[in-house]
Amino acid sequence: MKSKELLSHLFEACNNGRSLAQLHSQILKNGLAHDSFFATKLTSSYAKYASLETARIIFDETPHRTVYLWNATLRSYVREKQWEETLNLFLHMVSTTVTTDQKPDNFTIPIALKACAGLSALAAGQMIHGLIKKNGKIDSDMFVGSALIELYSKGGQMGDALRVFEEFPQPDVVMWTSMVTGYQQNGIAEEALLFFSQMVMIKRVTPDPVTLVSVISACAQLVNLKTGRCVHGFSIRMGFDSDLPLVNSLLNLYAKASSVNNAVNLFGEMAKKDVISWSSMIACYAQNEKAVEALDLFNEMVQKRFEPNSITVISALQACAVACNLQEGRRIHELAVRKGFELDVAVSTALVDMYMKCLCPVDAVDLFKRMPKKDVVSWAVLLSGYAQNGMANESIAVFRTMLCNETQPDAVTMVKILTACSDLGILQQALCLHGYLVSSGFSNKVFVGAALIDLYSKCGSLDNGIRVFEGMAEKDVVVWSSMIAGYGIHGLGREALQTFDRMLRISVLRPNQVTFLSVLSSCSHTGLVEEGIKIFDMMVHEYQIKPNSDHYGIMVDLLGRTGELDKAMELIDQMPIPVEPHVWGALLGACRTHHNVKMGEIVAKNLFQLDPNHAGYYILLSHIYAVDEKWDNVASIRTLIKEKGLKKMPGYSALEVRSKVHTFLVGHRLHPESEQIYRLLTKLEVKMREEGYVPDVDFLLHDVE
DNA sequence: TTAGGGTTAG
């Protein structure tokens with residue numbers, strides 16, 4: 001074959017990789033293997049279609065390496081994200097090449113910069129930046145410009161990225177996109193949207209699908225469905241609606257905005273789906289209380305022979321965790337092991353989380369101990385997992401181990417430990433943590449402040465909570481809601497209402513479902529019936545927020561507490577959503593308080609149909625009978641509970657002595673100082689009676705268990 | 001002869 005003919009075959013091979021080996025031997029036969037031009041073509045074809053190793057061998061064996069050959073080889077490594085190899089080869093190039101046709105050019109520089117960005121080697125990138133500044137020609141190249149922007153954004157230096165951007169009088173769409181992406185990936189989504197509008201409205205640069213992906217991701221980050229939908233419309237008008245990454249980012253937007261129907265429709269309409277599409281849809285279900293659908297979709301995906309990746313597995317595990325589905329969780333664990341995903345720190349962390357949420361702390365800890373690599377998230381999951389399983393001391397111990405270890409807690413971990421302590425009501429720890437938060441600078445974060453307010457309120461130190469609240473320069477809706485809930489917990493309904501009023505008056509914030517929940521529960525705890533009804537009305541009509549099951553539960557509780565049992569029943573009858581057991585439970589509790597056996601029986605009938613295995617509700621009904629001295633009925637419920645083999649989780653109290661939490665159950669004498677404790681209790685009781693305390697005998701009922 | 005920016009997760 002002539003070299004001209006070979007050349008045309010070679011071009012073809014570059015496009016499809018066919019008969020590459022055959023071509024290679026022809027080139028060898030014709031003695032053209034050492035020709036730098038042929039070597040370049042072969043190298044890029046091998047790297048793209050066959051093996052990077054062979055490509056490297058060809059590179060190594062070529063005596064005269066032109067800049068084209070260097071660039072082709074470097075690019076092959078970049079494509080495979082082998083950043084370290086890329087950078088090493090680049091350094092090799094810089095230190096060995098002598099002639100002009102071998103020196104790095106404006107094609108080489110972006111590749112080298114990309115490797116630095118991939119390795120988060122900001123200093124190395126800055127050095128290259130310094131070198132190219134001396135060469136004006138490269139400096140004004142937009143390929144170099146966007147690579148520099150990427151380098152600085154990956155290193156979190158958006159100021160430097162902006163400085164590079166501003167050096168270009170007419171940045172192209174890629175440079176604009178790099179800036180938008182940079183802001184989005186650094187969590188400054190507002191700035192990303194601002195940049196995008198400047199690009200489109202003022203500079204009239206037409207965005208492409210890549211730009212829109214970043215814009216939609218920014219909308220997802222801000223949970224800004226309105227703008228996201230506009231961008232969706234725009235992308236359809238531009239004809240980008242079959243761009244896979246773009247549709248995937250839209251799926252993610254709808255997932256984050258809890259717009260499950262939109263996501264389902266979009267997913268259904270997709271002509272082509274990749275593993276990211278499936279993962280996004282599974283995550284959408286898992287994160288929007290549709291665990292069954294998430295697991296069904298995961299199984300469908302596996303059946304259709306789509307290969308799940310580690311992220312798919314993480315989302316499926318999340319679904320198992322929220323559904324408390326241990327069986328499915330173990331099955332997916334086996335699948336993860338088979339695929340070698342268990343070595344992935346994110347997957348093993350998701351597994352620890354799943355076992356913890358399925359109330360299997362032993363399995364979780366066992367797995368955690370075997371993890372070869374642990375990062376701050378793994379520790380955070382372990383810590384909050386212990387707290388979820390009522391193992392307070394272990395949870396605090398993990399936090400201490402973390403501090404002594406090389407892993408420094410981040411703001412999210414701090415919120416987790418704060419929540420763990422608030423569930424336990426341990427004030428001493430709260431004070432310590434607050435000190436640490438101030439010294440570490442985390443206390444400036446809004447969501448940390450919200451958790452701190454919650455912690456202080458639940459530890460009985462409302463004053464400290466108020467102090468944190470008043471000291472916060474920036475307050476979001478969560479902060480206000482925590483403060484309102486804090487007042488509510490302490491029975492200060494009036495103060496809760498005042499705080500709610502203040503929020504509406506002095507801020508532009510819109511109360512959400514949780515805010516109303518906090519206000520309503522404050523009203524309920526203080527017996528402010530009329531105010532509660534007004535607030536409920538305000539939520540539905542003025543703010544157009546659809547009440548959920550929790551809101552109805554609290555309203556029933558509120559009406560029930562003051563004896564308005566008929567009104568409570570009426571409210572349940574009018575509920576447009578399915579009545580969950582706890583709503584009936586609230587009414588059943590009210591029936592006990594107000595001795596209404598007749599209604600209690602009706603309520604219990606409904607309740608037992610919905611939740612036949614909840615011991616607490618049977619006991620509640622038996623108490624209603626006991627007050628009315630219907631001992632036959634009490635006895636038959638007792639038999640029923642025994643027959644069904646139901647057990648009620650006993651309540652317990654916990655207190656903190658010298659940073660250690662002690663828990664106490666009714667009648668339990670396991671504590672080493674139990675003798676003395678009970679002696680003191682008897683003394684206190686005597687003293688209380690002397691002061692005029694009369695116990696409410698109505699509630700001193702028979703132990704039906 | 002060779003290019004750049006993007007989507008899912010614990």
Side-chain angles (χ1 to χ4, degrees), chain A residues 7 10-11 14 36-45 66-76 78-79 105-111 113-114 117 141-151 153-154 171-182 184-185 207-218 220 240 243-253 255-256 274-284 286-287 308-318 321 341 344-354 356 371 374-382 412:
Chain A
L7 201 65
L10 196 53
F11 277 113
C14 280
S36 183
F37 178 78
F38 281 91
T40 307
K41 279 288 177 194
L42 273 175
T43 303
S44 38
S45 298
T66 60
V67 65
Y68 301 116
L69 179 59
W70 280 104
N71 288 347
T73 316
L74 283 165
R75 190 165 298 115
S76 310
V78 164
R79 202 170 24 227
D105 63 2
N106 53 333
F107 286 89
T108 326
I109 297 302
I111 299 174
L113 287 170
K114 203 175 167 56
D141 186 314
M142 288 206 254
F143 284 91
V144 177
S146 42
L148 280 169
I149 292 172
E150 195 193 338
L151 170 83
S153 355
K154 290 249 162 78
D172 66 359
V173 60
V174 178
M175 289 197 67
W176 277 102
T177 305
S178 303
M179 285 304 293
V180 173
T181 309
Q184 183 256 316
Q185 290 182 343
D208 64 9
V210 182
T211 325
L212 298 185
V213 168
S214 289
V215 175
I216 293 163
S217 302
F240 298 155
D243 185 274
L244 199 47
L246 193 141
V247 182
N248 286 343
S249 69
L250 280 167
L251 270 180
N252 176 45
L253 165 76
K256 293 276 150 66
D274 65 1
V275 63
I276 298 181
S277 325
W278 287 92
S279 307
S280 302
M281 195 61 229
I282 292 166
C284 173
Q287 288 156 17
N309 66 14
S310 60
I311 298 177
T312 330
V313 167
I314 289 168
S315 299
L317 285 170
Q318 205 178 46
F341 291 159
D344 182 327
V345 62
V347 174
S348 44
T349 303
L351 279 165
V352 172
D353 192 44
M354 183 274 291
M356 282 295 194
M371 278 168 70
K374 302 171 177 92
D375 64 9
V376 60
V377 187
S378 329
W379 285 95
V381 161
L382 183 73
V412 179

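Each chain gets a letter, A, B and so on, in the order the sequences are listed, and its residues count up from 1.
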So if I take every side-chain heavy atom of [X] and compare against [options], which nucleotide ends up nearest?
{"X": "A:Ala346", "options": "B:dT2, B:dT1, B:dA9", "answer": "B:dA9"}
{"X": "A:Val377", "options": "B:dT8, B:dG10, B:dG6", "answer": "B:dG10"}
{"X": "A:Gln287", "options": "B:dG4, B:dG10, B:dT7", "answer": "B:dG10"}
{"X": "A:Ser146", "options": "B:dG4, B:dG6, B:dT8", "answer": "B:dG4"}
{"X": "A:Phe107", "options": "B:dG10, B:dT2, B:dT7", "answer": "B:dT2"}
{"X": "A:Asn106", "options": "B:dA3, B:dA9, B:dG6", "answer": "B:dA3"}
{"X": "A:Val174", "options": "B:dT8, B:dG4, B:dG6", "answer": "B:dG4"}
{"X": "A:Ile314", "options": "B:dG6, B:dA3, B:dG10", "answer": "B:dG10"}
{"X": "A:Val345", "options": "B:dT8, B:dT7, B:dG10", "answer": "B:dG10"}
{"X": "A:Thr40", "options": "B:dA3, B:dG4, B:dT1", "answer": "B:dT1"}

Quick one: label [X] by what it contacts on the DNA or RNA (base, sugar-phosphate, nothing), any heavy atom closer than 4.0 Å.
{"X": "A:Asp172", "value": "base"}
{"X": "A:Thr211", "value": "base"}
{"X": "A:Val173", "value": "base"}
{"X": "A:Leu246", "value": "base"}
{"X": "A:Ser178", "value": "sugar-phosphate"}
{"X": "A:Val144", "value": "nothing"}
{"X": "A:Asn71", "value": "base"}
{"X": "A:Met281", "value": "nothing"}

Between [atom2] on [N] and [atom1] on [X], what's the gap in Å once rounded to a whole number?
{"X": "A:Leu69", "N": "B:dT2", "atom1": "CG", "atom2": "P", "answer": "14 Å"}
{"X": "A:Ile282", "N": "B:dT7", "atom1": "CD1", "atom2": "P", "answer": "19 Å"}
{"X": "A:Leu151", "N": "B:dG4", "atom1": "CG", "atom2": "P", "answer": "17 Å"}
{"X": "A:Glu150", "N": "B:dG4", "atom1": "CD", "atom2": "P", "answer": "11 Å"}
{"X": "A:Ile216", "N": "B:dT8", "atom1": "CD1", "atom2": "P", "answer": "11 Å"}
{"X": "A:Phe143", "N": "B:dT2", "atom1": "CZ", "atom2": "P", "answer": "12 Å"}
{"X": "A:Leu250", "N": "B:dG6", "atom1": "CG", "atom2": "P", "answer": "17 Å"}
{"X": "A:Asn248", "N": "B:dT8", "atom1": "CG", "atom2": "P", "answer": "9 Å"}

OP1 or OP2 of [N] less than 4.0 angstrom from a side-chain nitrogen or oxygen of [X], does that happen here?
{"X": "A:Gln318", "N": "B:dG10", "answer": "yes"}
{"X": "A:Gln185", "N": "B:dT7", "answer": "yes"}
{"X": "A:Lys256", "N": "B:dT7", "answer": "no"}

Have [X] and [Y] got a donor and an acceptor in their side chains that come within less than 3.5 Å?
{"X": "A:Thr66", "Y": "A:Ser36", "result": "yes"}
{"X": "A:Asn252", "Y": "A:Ser280", "result": "no"}
{"X": "A:Thr108", "Y": "A:Asn71", "result": "yes"}

Test log, rule side-chain contact (heavy atoms from CB on, under 4.5 Å), inputs A:Asp208 and A:Leu212: CA-CA 7 Å; A:Asp208 64 9; A:Leu212 298 185; over 6 Å; no
A:Asp375 (side chain) donor-acceptor with A:Ser378 (main chain) under 3.5 angstrom: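 Looks like yes, one N/O pair under 3.5 Å.
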Working for side-chain contact (heavy atoms from CB on, under 4.5 Å), residues A:Val247 and A:Asp243: CA-CA 6 Å; A:Val247 182; A:Asp243 185 274; 5.7 Å; no
Ring-base stacking, A:Tyr68 with B:dT1 (5.5 Å, 30° cut-offs):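 A stacking contact does not exist, since A:Tyr68 is not both close and nearly parallel to the base ring of B:dT1.
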Any N/O donor-acceptor pair, A:Ser249 side-chain to B:dT7 base, under 3.5 Å: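 Between B:dT7 and A:Ser249, which were checked side chain against base, a qualifying N/O pair under 3.5 Å is absent.
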Check: B:dG10 base within 3.5 Å donor-acceptor of A:Asp375 side chain: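 Per atom types, the contact qualifies.
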Point-to-point distance, once rounded to the nearest 0.5 Å, from NZ of A:Lys256 to CD1 of A:Ile216: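 Between atom NZ of A:Lys256 and atom CD1 of A:Ile216 there are 13.0 Å.
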